[in-house]
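See below for the structure under consideration.
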Amino acid sequence: MTLSATLSDLSILREPVKMASNCLFCKIAAGEIPSNRVYSDEELYAFRDINPAAPQHILLIPHKHIQSVAALEEDDGAMMGRLILRARKIAEQEGFAEDGFRCVLNTGVDGGQTVHHIHLHILAGRHLSWPPG
Ligand code: 5GP
Ligand code: ZN
């Protein structure tokens, strides 16, 4: 085997990991663990938070396993744009776009992230204080 063939075979290692086998949110998006679904397409999945911090608390995730905002790559930019646009559409469909809502991406230890699959919290239904605790 030539060196170039070896390197080309190894390029598969740089492919994005689509699903992490031991990830709670990968399993939820795949339907392996039940959730209260709000929206689903080939790229994104939204479901109700099991421990809501507001009257409306929806989590919006990509099917692709990305650990957090800190792990985003250039190629994820368009998907993240669609994710934010989807949050707007969910807010309209759920009826809280006009009153207002909050989108949060907890990131890492200091950001309070507990599930290491990137997720956008969409919170609504009460006046949310600032700054966060
Ligand atoms: P983080 O703290 O990582 O920003 O947010 C993780 C969120 O996932 C929390 O709000 C938590 O309530 C929610 N969560 C954790 N496990 C489950 C689960 O099994 N199902 C659902 N629907 N939400 C979950
Ligand atoms: Zn995952």
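Positions are given from 1 along the sequence. Order of listing sets the numbers, starting from 1, for every ligand and every atom in it.
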Compute the shortest N/O to N/O distance between [X] and ligand 1 and return yes if it is under 3.5 Å, no if not.
X      : answer
Leu24  : no
Ile50  : yes
Asn106 : yes

Quick one: look at [X] and ligand 1, take heavy-atom pairs under 4.0 Å, and tell me if it's side chain, backbone, both or neither.
X      : result
Ile28  : side chain
Thr114 : both
His119 : side chain
Leu59  : side chain

Against heavy atoms of [X], which atoms of ligand 1 measure under 4.0 Å?
X      : answer
Gln113 : 3 (O)
Phe47  : 21 (C), 22 (N)
His121 : 1 (P), 4 (O), 5 (O), 7 (C), 10 (O)
Asn51  : 12 (O)
Phe25  : 8 (O)

The Zn ion (ligand 2) has as its nearest N, O or S atom from His65 the atom ND1
Which is the closest N/O/S atom of His117 when seen from the Zn ion (ligand 2)?
ND1
Just to check, does Ser35 reach to within less than 4.0 Å of ligand 1 when the distance is taken from its heavy atoms?
no
Got a donor-acceptor contact below 3.5 angstrom from the [X] side chain to the [Y] backbone?
X      : Y      : answer
Gln93  : Val38  : no
His121 : His119 : no
His57  : Ile50  : no
Arg86  : Leu44  : no

Going by heavy atoms in the side chains, are [X] and [Y] under 4.5 Å from each other?
X     : Y     : answer
Phe96 : Pro55 : no
Lys89 : Tyr39 : no
Phe47 : Ile61 : yes

Go through the steps for Phe101 and Glu94 under the test side-chain contact (heavy atoms from CB on, under 4.5 Å), then give the verdict.
CA-CA 11 Å; Phe101 57 99; Glu94 296 296 313; over 6 Å; no
Value for CD1 (Ile90) from CD1 (Ile58), rounded to nearest 0.5 Å, stands at 6.0 Å
Looking at NZ of Lys64 and NE2 of His117, how far apart are the two atoms once the value is rounded to the nearest 0.5 Å?
10.0 Å
Can you tell me the angle formed at the Zn ion (ligand 2) by SG of Cys23 and SG of Cys26, to 10°?
120°
Looking only at protein heavy atoms, what sits closest to atom 22 (N) of ligand 1 is Arg48 O, 2.9 Å
Considering only the protein, which heavy-atom contact is closest to atom 7 (C) of ligand 1, and what is its distance?
Asp49 OD2, 3.4 Å
Distance-only side-chain donor-acceptor flag, Gln56 / Arg126, under 3.5 Å
no
